[in-house]
Number of protein chains: 2
Amino acid sequence: MEAFHRIWKKWRHLVIYGIILGLLIISLRLLRWKYVIADQSLEIYIGIVALFFMGLGVWVAMQWFKPKSNTAEETEFIPGQEPLSIDEKALENLQLTQREQEVLGLIVKGYSNLEIAEALHLSVSTIKTHVSNLYSKLDVKRRGQAIDKARKLRIVE
Amino acid sequence: MEAFHRIWKKWRHLVIYGIILGLLIISLRLLRWKYVIADQSLEIYIGIVALFFMGLGVWVAMQWFKPKSNTAEETEFIPGQEPLSIDEKALENLQLTQREQEVLGLIVKGYSNLEIAEALHLSVSTIKTHVSNLYSKLDVKRRGQAIDKARKLRIVE
DNA sequence: TTCAGCTTCATACTAAAGTACCAAATCCGG
DNA sequence: CCGGATTTGGTACTTTAGTATGAAGCTGAA
């Protein structure tokens, strides 16, 4: 069972592709089957195909958008610092993760945990986890302190 | 009931898209009744439907992952104004009392109600009263919003 | 493959914040 | 002196915020 789990983890995507191909073939066969079956069945098959391809479209888009993580890390840094720009060095020193920076950005805008969760499509529990870790790294105890510190360190807009 | 509410809040967009999808399918069926499609072009017809719905799926996913636009009100930025000074006019318009201004000043510094009470030699009850009145005048619901609004209105340092 | 770090989510709890309503003392202008 | 606004404080309650802990999946590097 353990071996199966590992194999599944590694070849999951290939299996999904296989299932998709299988479904495609099946749908095509069903379409042929339609020639022998009553006409009204065709509507159902078209609906199935439409649903399936819409789901496929969603999945494809998710694959396209999700792994689109940091490709633009390099920010040109001109010695003469802009007084209103973000202090990249301070940001690096804090070792904040991507999510923590996102959450911090919304906290500064006055979002509640629930609003942050909805904006990022996450659960409130997750937000609380990020917020707690954030406070540890910022060495603060409360939201207001975090906002104040983030502004003083110029790690948010 | 509470759980249902949370789930609804999170997935309501998907539900709406599902309804739209259903309407589209119905319209397709109606189209088929009006324009009889020759058997030879059935495969093409199916292909078009598949492509269309896959595109629709991609679009839905894009909507789903699209970051929410920030509708927060921005302060008018008049060139002649000093960007770092306190906006006295905005302050007057709010009709904040002396105490409320003091409390607001400490709130934006990250003070808790208890800390504010100690700093001003007052009880926490009193601070809560001032804070509540403050929120009413600022038209906000939470501490973070008050901080954000106070900064945007430039009524604090 | 293994492992550390990141992300996600849950439960259970405590602490802080916030609301609603009330009431008393003070201050200040008419 | 009266009355409105301010200031102070309380009780009771609901809502958010925050902590602690555990668990699981994923990813990238060793």
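Sequence lines set the chain letters: A, B, ... in the order given, protein chains first and strands last, and positions in each chain run from 1. Only this structure's heavy atoms are used, side chains among them; waters, hydrogens and symmetry mates stay out.
Every residue two or more places apart in sequence or in another chain that forms a side chain to side chain contact (heavy atoms under 4.5 Å, CB included) with Ala150(A) is listed here: Leu104(A), Val108(A), Ile155(A), Val156(A). With sequence neighbours left out, the salt bridge (charged side-chain N to carboxylate O under 4.0 Å, His left out) criterion links Lys137(A) to Glu100(A). Under the salt bridge (charged side-chain N to carboxylate O under 4.0 Å, His left out) criterion, Glu118(B) pairs with no residue at all, not counting sequence neighbours.
Summarising the geometry of Ala119(B) relative to Leu106(B), their closest heavy-atom pair is CB-CD1, 4.2 Å, with the distance given to 0.1 Å. Nearest heavy-atom pair across Gly110(A) and Arg142(B) is O-NH2, 3.5 Å.
Just one residue in the list Val103(B), Ile116(B), Ile107(B), Leu120(B) forms a side chain to side chain contact (heavy atoms under 4.5 Å, CB included) with His130(B), and that residue is Val103(B).
Atom CG in Leu134(A) sits about 11 Å away from atom P in dT7(C), given to the nearest Å. When rounded to the nearest whole Å, the span between CD of Glu102(B) and C1' of dT6(D) equals 13 Å. Atom pair Glu115(B):CD and dA15(C):P shows a separation of 16 Å (rounding to whole Å applied). Taking atom CG on Leu138(A) and atom C1' on dG18(D), their separation rounds to 15 Å, with Å as the unit. Look at CD on Gln98(A): it is 15 Å from C1' on dT27(D), rounded to the nearest Å. The interatomic distance linking His121(B) (NE2) with dT8(D) (P) rounds to 12 Å, in whole Å. In this entry the distance linking NE2 of His130(A) with C1' of dA10(C) reads 14 Å, nearest Å. Following rounding to the nearest Å, Ile127(A) (CD1) and dT8(C) (P) show an atom-to-atom distance of 8 Å.
For Ser123(B), the listed nucleotide lying nearest its side chain is dG9(D); candidates were dC6(C), dC9(C), dG9(D).
Looking at Ser123(A) and Thr126(A), their side chains do bring a donor and an acceptor atom within 3.5 Å of each other. Counted by atom type alone, Asn133(B) and Arg99(B) present zero donor-acceptor pairs between their side chains at under 3.5 Å.
Glu115(B) has no carboxylate O lying under 4.0 Å from a charged side-chain N of Lys109(B), or vice versa, which leaves the two without a salt bridge.
In this structure, Thr97(B) reaches the sugar-phosphate backbone alone: every heavy-atom distance under 4.0 Å involves primed, P, OP1 or OP2 atoms, never a base. Using a 4.0 Å heavy-atom distance criterion, Thr126(B) is classed as a base contact.
With rounding to the nearest 0.5 angstrom, the CG atom of Asp148(A) is 11.0 Å from the CG atom of Leu138(A).
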Exercise for the section: Sugar-phosphate atoms are those with a prime plus P, OP1 and OP2; base atoms are the rest. Using that split, label each nucleotide of nucleotides 17-30 of chain C B, S or - for protein heavy atoms under 4.0 Å, 5' to 3'. Expected result: BBB-----------
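When side chains are defined from C-beta on, Arg143(B) counts as touching Tyr135(B), because their heavy atoms get closer than 4.5 Å.
Summary of helix geometry: the two end axes of the helix from dT1(C)-dA30(D) to dG30(C)-dC1(D), each defined by five base pairs via their C1' atoms, are inclined to each other by 50° (rounded to 10°).
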Please enumerate all protein N or O atoms sitting under 3.5 Å from an N or O of nucleotides 28-30 of chain D, with distances to 0.1 Å.
none

